[in-house]
Amino acid sequence: MDWIYISSFIGLVTLGCLQYYFGYRDYKKLGMILPIIFIGLVIYFIIKGTMTFSVRDILMPLLVLFTLAGVYNNGYEKKQKAINKELDKMKAKDQQSMQ
């Protein structure tokens, strides 16, 4: 039974890494795939009757969606900081060569 928890954890880490990578590479369409699939699964489970309209069944999907958005945004911001840092270095070299 432990292998189920381990494989689930590995799957979640893999999905988180993919979402971070999509944000880092600025793949907006690919970054929307996981949240859309998750929303579809939540709607399917609500229609099927597996999920109800309890506080837990409403808050947990929202928490997952915000987490996916945050992971994507974190990757995107890290890439933007790296680009800005590189641009600052280039500007400094240009100013230094002009003097």
Side-chain angles (χ1 to χ4, degrees):
M1 204 61 163
D2 290 334
W3 63 273
I4 292 174
Y5 297 119
I6 293 170
S7 62
S8 297
F9 179 74
I10 291 171
L12 289 174
V13 169
T14 303
L15 289 177
C17 290
L18 269 174
Q19 193 71 0
Y20 182 84
Y21 176 75
F22 293 153
Y24 188 80
R25 299 297 293 174
D26 198 18
Y27 295 143
K28 291 180 178 135
K29 291 180 182 176
L30 290 176
M32 289 301 297
I33 288 175
L34 290 176
I36 289 172
I37 290 172
F38 182 74
I39 290 170
L41 284 173
V42 169
I43 291 171
Y44 170 75
F45 288 137
I46 288 174
I47 291 172
K48 189 177 177 185
T50 306
M51 291 179 72
T52 60
F53 286 105
S54 67
V55 173
R56 182 194 66 170
D57 288 343
I58 299 293
L59 290 180
M60 290 307 288
L62 289 175
L63 179 68
V64 170
L65 284 175
F66 289 135
T67 302
L68 286 173
V71 168
Y72 177 88
N73 193 37
N74 190 13
Y76 179 77
E77 286 179 357
K78 183 161 182 151
K79 178 69 171 189
Q80 293 303 317
K81 285 180 184 177
I83 289 172
N84 288 337
K85 188 176 180 181
E86 189 66 31
L87 286 174
D88 289 341
K89 285 181 185 179
M90 290 171 54
K91 287 179 185 177
K93 281 188 177 184
D94 286 343
Q95 288 177 354
Q96 192 177 36
S97 65
M98 288 182 155
Q99 292 176 355

J.: Taking atom NZ of K89 and atom NZ of K93, what is their separation to the nearest 0.5 Å?
T.: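 K89 NZ to K93 NZ: 8.0 Å, rounded to 0.5 Å.
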
J.: Kindly compute the distance separating NZ (K79) from CG (N84), expressed to the nearest 0.5 Å.
T.: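 Output value for this atom pair is 11.5 Å.
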
J.: When rounded to the nearest 0.5 angstrom, what distance separates OH in Y24 from CD in Q80?
T.: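 Going from the OH atom of Y24 to the CD atom of Q80 covers 10.0 Å.
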
J.: For G31 and Q19, work out which heavy atoms get closest and say how close.
T.: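 That closest heavy-atom pairing would be O-NE2, 3.0 Å.
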
J.: Linking I/L/V/M/F/W/Y whenever their side-chain heavy atoms sit closer than 4.5 Å, directly or via other members, would L63 and L59 fall into one cluster?
T.: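 No, it is not one cluster - the side chains of L63 and L59 are not joined through contacts under 4.5 Å.
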
J.: Out of curiosity, does Y27 fall in the hydrophobic cluster containing I33 (side-chain heavy atoms, cut-off under 4.5 Å, transitive links)?
T.: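 Linked within one cluster.
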
J.: Give the minimum heavy-atom separation between Y20 and V71, together with the two atoms involved.
T.: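 So the minimum-distance heavy-atom pair works out to N-CG1, 3.6 Å.
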
J.: How long is the gap from CG on L68 to CD1 on I36, to the nearest 0.5 Å?
T.: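 Reported value, rounded in 0.5 Å steps: 11.5 Å.
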
J.: Are M32 and Y72 close enough, and set up right, to give a side chain to side chain contact (heavy atoms under 4.5 Å, CB included), and what steps lead you there?
T.: CA-CA 9 Å; M32 289 301 297; Y72 177 88; over 6 Å; no

J.: Treat each ILVMFWY residue as a node, draw an edge where side-chain heavy atoms are under 4.5 Å apart, and state whether L15 and F9 are in one component.
T.: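 No, separate clusters.
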
J.: One pair to check against side chain to side chain contact (heavy atoms under 4.5 Å, CB included): I39 and Y44. What are the steps and the verdict?
T.: CA-CA 9 Å; I39 290 170; Y44 170 75; over 6 Å; no

J.: Rounded at 0.5 Å granularity, tell me how far CD1 in I83 sits from CG in D26.
T.: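 Between atom CD1 of I83 and atom CG of D26 there are 8.0 Å.
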
J.: Are V55 and L62 connected, step by step, through hydrophobic side chains (Ile, Leu, Val, Met, Phe, Trp, Tyr) whose heavy atoms are closer than 4.5 Å?
T.: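 In one cluster: no.
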
J.: Check P61 against V42 and note the closest heavy-atom contact, atom names and distance.
T.: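 So the two residues come closest at CB-CG2, 3.9 Å.
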
J.: State the CZ-CD1 distance between F38 and I43, to the nearest 0.5 angstrom.
T.: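 CD1 of I43 is found 11.0 Å from CZ of F38.
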
J.: Return the set of residues passing side chain to side chain donor-acceptor pair (under 3.5 Å) with T52 (not counting sequence neighbours), or none when no residue passes.
T.: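 In terms of side chain to side chain donor-acceptor pair (under 3.5 Å), with neighbours along the sequence ignored, T52 is linked to D57.
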
J.: Would a single hydrophobic cluster contain both V64 and I37, if residues Ile, Leu, Val, Met, Phe, Trp and Tyr are joined by side-chain heavy-atom contacts under 4.5 Å?
T.: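 Same cluster.
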
